[in-house]
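Written out below as structure tokens is the structure these notes cover.
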Amino acid sequence: MSLYQQAQFLTSANHIKQLPEDAGYEVAFAGRSNSGKSSAINVLTNQKSLARTSKTPGRTQLINLFDLDAERRLVDLPGYGFAKVPQAVKLHWQKVLERYLNERQCLKGLILLMDIRHPLTEFDMQMLEWCQYVGLPAHVLLTKSDKLGTNKAKNSLQQVKSRLKTLDNTSIQLFSALKRTGIAELQTCLDQWFDIKPKIDASVQK
């Protein structure tokens, strides 16, 4: 069983002060409210309902944390840009997210999810520009790639890569939770950020 399949729900936070101790390693998942964050986390961990999914965008309105082990956590951030929530709620979460992204010392990287049919929205670019500003690595998942044919998906990938080529420490890939494609590539990125060393087969060392 991989480390990601051992993921367990830890806690939900409505304020920064409710987060666990700022220690170890955290990787956050961010994106528009309909980008497929919860589905990606569930596929990554091979658990159908670890992160709650909904057909109603904007349901994730808390910071949800999942333990991988004593030192490593996945973080599901509230979706942005599309949620039909009161303005006061949007303003609250804007402030909470700004504080989390600016102050959380254990944050090692940001997984930014974009629906492949609607990539690089204004909010997406703001996220990526913020990552550049603070020197945080970002990895883009072009989700729902199964919605396009293989050639169209590859073309979209190249177009987004071209637009992001000036950004440092920013990588990108195709991903489909439905078809379960792109999981290994995502895990490779996470392993690096979580400082997970590959296991060496003892039989190879003999």
Side-chain angles (χ1 to χ4, degrees), residues 1-33 35-54 58-80 83 85 88-113 123 126-141 168-171 183 186-199:
M1 180 182 293
S2 75
L3 179 67
Y4 303 103
Q5 293 179 16
Q6 298 176 39
Q8 295 182 351
F9 175 75
L10 174 62
T11 189
S12 294
N14 190 46
H15 296 279
I16 295 298
K17 62 184 179 181
Q18 297 172 336
L19 293 172
E21 180 184 1
D22 191 353
Y25 304 80
E26 285 182 359
V27 173
F29 283 64
R32 284 172 61 95
S33 298
S35 62
K37 287 189 297 91
S38 297
S39 295
I41 291 173
N42 289 340
V43 169
L44 171 68
T45 60
N46 198 31
Q47 299 184 44
K48 291 184 178 180
S49 57
L50 181 66
R52 293 183 179 179
T53 59
S54 172
R59 282 292 176 89
T60 302
Q61 295 179 16
L62 297 170
I63 297 177
N64 294 312
L65 297 98
F66 307 95
D67 267 341
L68 299 180
D69 60 20
E71 292 186 319
R72 298 171 177 88
R73 295 174 295 275
L74 298 175
V75 182
D76 186 9
L77 298 176
Y80 57 79
V85 297
V89 175
K90 289 185 179 181
L91 292 174
H92 166 71
W93 275 112
Q94 182 178 347
K95 293 178 180 178
V96 171
L97 288 177
E98 285 179 358
R99 286 196 60 190
Y100 173 78
L101 295 171
N102 281 303
E103 299 177 14
R104 197 69 171 166
Q105 296 299 307
C106 64
L107 181 62
K108 304 303 181 184
L110 183 76
I111 301 294
L112 183 60
L113 295 88
F123 293 97
Q126 287 177 0
M127 272 290 196
L128 291 172
E129 288 167 1
W130 175 86
C131 287
Q132 289 292 290
Y133 179 73
V134 299
L136 184 73
H139 184 66
V140 175
L141 297 187
D168 297 324
N169 295 319
T170 302
S171 50
I183 299 173
L186 172 58
Q187 287 181 341
T188 297
C189 176
L190 293 173
D191 286 352
Q192 181 180 355
W193 291 348
F194 280 129
D195 194 27
I196 297 173
K197 302 296 190 294
K199 292 183 179 180

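Between Leu101 and Met127 there is a side-chain heavy-atom pair separated by less than 4.5 Å. The shortest side-chain heavy-atom distance between Leu190 and Ile111 falls under the 4.5 Å cut-off. Looking at Asn64 and Ile41, their side chains never come closer than 4.5 Å, going by heavy atoms from C-beta outward. Between Leu68 and Gln6, every side-chain heavy-atom pair lies at or beyond the 4.5 Å cut-off. Contact annotation: the side chain of Tyr133 never approaches that of Asn102 to less than 4.5 Å [non-hydrogen atoms, C-beta and beyond]. Side-chain contact check for Thr45 versus Phe66: every heavy-atom pair is 4.5 Å or farther apart. You'll find the side chain of Ile16 reaches within 4.5 Å of the side chain of Leu19, heavy atoms only. Using a 4.5 Å heavy-atom threshold, the side chains of Leu62 and Pro78 count as separate.
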Practice prompt. Evaluate side-chain contact (heavy atoms from CB on, under 4.5 Å) for Leu110 paired with Trp193, printing each intermediate quantity in order.
Written response: CA-CA 10 Å; Leu110 183 76; Trp193 291 348; 5.7 Å; no

Worksheet entry | Steps toward side-chain contact (heavy atoms from CB on, under 4.5 Å) verdict (Asn14, His92) | CA-CA 9 Å; Asn14 190 46; His92 166 71; 3.3 Å; yes

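Interatomic distance, CG of Leu113 versus NZ of Lys37, reported as 7.5 Å (0.5 Å rounding). Between the CZ atom of Phe29 and the CG atom of Leu112 there is a distance of 11.0 Å, given to the nearest 0.5 Å. Atoms CD and CG, from Gln8 and Leu74 in turn, are 12.0 Å apart once rounded to the nearest 0.5 Å. Between the CG atom in Leu65 and the CG atom in Leu77 there is a gap of 8.5 Å [rounded to 0.5 Å]. One distance of note links CD of Glu129 with OG1 of Thr170; it measures 10.5 Å at 0.5 Å rounding. Here SG of Cys131 is found 12.0 Å from CG of Asp168. Values are rounded to the nearest 0.5 Å.
For the pair Arg72 and Ile196, the tightest heavy-atom approach, listed with the atom from each and the gap, is NE-CG1, 3.7 Å. Shortest non-hydrogen contact noted between Leu44 and Tyr4 is O-CB, 3.8 Å. Of all non-hydrogen atoms in Gly24 and Lys108, the two that sit nearest each other are O-CE, 3.7 Å. The two residues Leu136 and Leu107 make their nearest non-hydrogen contact at CD1-O, 3.6 Å. Counting all heavy atoms, side chain and backbone alike, Gln47 lies closest to Ala7 at NE2-O, 2.8 Å. Nearest heavy-atom pair, Arg73 versus Cys106, reported as atom, atom and distance to 0.1 Å: NH2-SG, 3.6 Å.
Atom CD of Glu98 has more than 12 heavy atoms from other residues, nucleotides or ligands within 6.0 Å.
The aromatic rings of Phe194 and Tyr25 sit perpendicular to each other, their planes meeting at more than 60°, with 30° as the lower class boundary.
Between the side chain of Asp22 and the main chain of Arg104, no donor-acceptor pair closer than 3.5 Å is present.
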